[in-house]
Amino acid sequence: MSADSSTCTWLEWSLVALGAITALKIGLSGLLYGWAFLRSFVFPSLGLSRRLKRLGQWAVVTGSTDGIGKAYAEELARQGLDIVLISRSEEKLKTVSESIESSYSVKTKVVVADFSESSQQLYDRIFEQVKDLDIGVLINNVGVSYEHPEYFSEVSTDDLWRLINVNVAAVTFLTRSLLPSMLGRKRGAVVNVASFAACYPMGLISVYSATKAYMHTFTQALQQEYSGSGVTIQSVTPLLVVSKMSKVKRPTFLAPSPTTFVRQAVGTIGCLPVSLGCISHEIQGLALSCLPSSFRSHYILNVHKKLMKAAKAKKNKSQ
Ligand SMILES: NC(=O)c1ccc[n+]([C@@H]2O[C@H](COP(=O)([O-])OP(=O)(O)OC[C@H]3O[C@@H](n4cnc5c(N)ncnc54)[C@H](OP(=O)(O)O)[C@@H]3O)[C@@H](O)[C@H]2O)c1
């Protein structure tokens, strides 16, 4: 009887201790996350310029002539960083470069590169042009998607290679080129712009969703490898932002303009390892994550089916 009651007491105390440790852990991570969240979204500019400049004087932004990439380049320049702009079109690059230099009095460097023709030579050529710069921030933003949602078997093989070369190869090989010097200096930030499509498998944009999931998983694995190295690696998983790719034309609370989105996203660099980028996307992401997964996939698939039908009807009409 006494042995039984002492076992019971020991068990009870172990459970209480386990419960207390778990509650403490959840409480502490909640507090840390709450602080990071507040710092990112409520006081985004608190010491931001100093924080970013401490990482290095230059930022590299891919896909920087339009949409989210252009907004990252402008915001980082506004914070006082010099910017390396990388995109396909030399003309567009020059226009963005002149506008940034005159608006923010920073230096820019232009690198013309078409990531759909990925090869080691391409990444070596980019590296040659930037290797002497003190690069503190790398924004792997370049990305392509489908013209409209489509069944996998109907997507052209050219488009599939383009999706893989741009969305998978660029982030991998640019990070491979630029991370070692950041690690050597024990400072830097790599920001990988994935997508909310990385968080859940999405039918009718299957390869886009899978390439973004690669980016998201790659980023989180690197976070483990390089934790404590002084280099932060962030995955950004936005929902809709006004851009050519999203085909959303007018900003709303749910789908902000690239400038509104990026002003908040830049505040999360070094604070949140994974972020949806802006407060309205954090709210939508939270709401969608609460839905049962079968309902969520069904809902998203139906939205894509409607978009696919509308795009095909429009195409047929114009032929
Ligand atoms: N907009 C959204 O709603 C949304 C949502 C989730 C995630 N994202 C992600 O955010 C990123 C930016 O999207 P966005 O909507 O801002 O796109 P966007 O407006 O279409 O801009 C894409 C940028 O990438 C460049 N680019 C395209 N193909 C390229 C290539 N082959 N080689 C080099 N540069 C190339 C374009 O410039 P040039 O044409 O001059 O080369 C442009 O500067 C993407 O990774 C996307 O997946 C966007």
Side-chain angles (χ1 to χ4, degrees), residues 60-75 83-97 99-100 110-119 122-123 125-126 138-147 149 158-159 161-174 191-200 202 205 207-216 218-219 234-252 254-262 265 274-278 280-281 284-285 288 300 303 307:
V60 173
V61 186
T62 65
S64 44
T65 50
D66 247 314
I68 296 174
K70 184 175 167 208
Y72 261 109
E74 288 169 342
E75 179 58 17
I83 312 289
V84 178
L85 301 155
I86 312 184
S87 266
R88 243 176 341 188
S89 145
E90 188 165 11
E91 207 174 304
K92 282 204 240 165
L93 280 165
K94 279 189 183 149
T95 309
V96 175
S97 145
S99 149
I100 286 182
V110 155
V111 178
V112 181
D114 184 346
F115 293 108
S116 65
E117 291 165 9
S118 280
S119 67
L122 173 75
Y123 295 101
R125 181 172 67 74
I126 297 173
L138 165 62
I139 311 284
N140 282 308
N141 161 79
V142 71
V144 289
S145 185
Y146 291 32
E147 192 48 40
D158 281 350
D159 280 351
W161 279 114
R162 199 167 52 88
L163 278 152
I164 289 170
N165 279 327
V166 179
N167 296 2
V168 174
V171 63
T172 310
F173 291 99
L174 272 181
V191 175
N192 295 334
V193 184
S195 163
F196 192 66
C199 306
Y200 304 104
M202 292 190 185
I205 51 164
V207 180
Y208 178 74
S209 176
T211 55
K212 291 297 179 175
Y214 168 89
M215 209 170 179
H216 189 48
F218 169 62
T219 310
Q234 184 191 40
S235 181
V236 181
T237 56
L239 284 108
L240 284 176
V241 175
V242 170
S243 83
K244 273 191 195 143
M245 180 194 282
S246 68
K247 299 191 174 70
V248 177
K249 293 197 168 69
R250 268 197 313 273
T252 59
L254 298 182
S257 72
T259 305
T260 305
F261 172 80
V262 166
V274 173
S275 168
L276 279 87
C278 68
S280 84
H281 287 187
Q284 292 174 74
L288 285 164
I300 295 173
V303 170
L307 290 172

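First listed ligand is number 1; within each ligand, the first listed atom is number 1.
- For atom 10 (O) of ligand 1, the closest non-hydrogen atom of the protein is Val193 CG1, 3.4 Å.
- The residue Ala255 has no part lying near ligand 1, judged by heavy-atom distances below 4.0 Å.
- The shortest contact between atom 35 (C) of ligand 1 and any protein heavy atom is with Val142 CG2, 3.4 Å.
- Smallest separation of non-hydrogen atoms from Ser64 and Ala73: CB-CB, 4.4 Å.
- With respect to atom 39 (O) of ligand 1, the closest heavy atom belonging to the protein is Arg88 NH2, 2.7 Å.
- Look at Lys212 and you'll find a heavy atom under 4.0 Å from some atom of ligand 1.
- Under the 4.0 angstrom criterion for non-hydrogen atoms, Asn167 is not in contact with ligand 1.
- The shortest N/O to N/O separation between Thr65 and ligand 1 falls below 3.5 Å.
- Distance from atom 12 (C) of ligand 1 to its nearest protein heavy atom, with residue and atom name: Asn141 OD1, 3.1 Å.
- For atom 25 (C) of ligand 1, the closest non-hydrogen atom on the protein side is Gly63 CA, 3.6 Å.
- Using modelled atom types, no side-chain atom of Lys249 and backbone atom of Lys244 make a donor-acceptor pair closer than 3.5 Å.
- Near Val144, with a cut-off below 4.0 Å to any heavy atom, the atoms of ligand 1 are 28 (N).
- What sits closest to atom 21 (O) of ligand 1 on the protein, heavy atoms only, is Asp66 CB, 3.7 Å.
- Remark: the backbone N or O of Gly63 is paired with a side-chain donor or acceptor of Asn141 at under 3.5 angstrom.
- Near Ser89, meaning under 4.0 Å from any of its heavy atoms, are these atoms of ligand 1: 40 (O), 41 (O).
- Under 4.0 Å from ligand 1, the heavy atoms of Ala113 that appear belong solely to its backbone.
- Ring-plane geometry between Phe196 and Tyr200 is classed as perpendicular, the angle between the planes exceeding 60 degrees on a 0 to 90 degree scale with a lower cut at 30.
- Residue contacts with ligand 1, taken as heavy atom pairs separated by less than 4.0 Å, involve Ala194 solely via the backbone atoms N, CA, C and O.
- Between Val241 and ligand 1, a contact under 3.5 Å exists for at least one N or O pair.
- Contact atoms of ligand 1 toward Gly67: 16 (O), 19 (O) (distance under 4.0 Å to a heavy atom of the residue).
- Residue contacts with ligand 1 for Tyr208 involve side-chain atoms from C-beta outward but no N, CA, C or O (heavy atoms, distance under 4.0 Å).
- Each of the atoms 30 (C), 31 (N), 32 (N) of ligand 1 lies under 4.0 Å from some heavy atom of Asp114.
- In terms of protein heavy-atom proximity, atom 13 (O) of ligand 1 is closest to Met245 CE, 4.0 Å.
- For ligand 1 and Ser64, the ligand atoms under 4.0 Å from any heavy atom of the residue are 43 (O).
- Between His281 and Phe261, the angle of the ring planes lies from 30° to 60°, which puts this pair in the tilted group.
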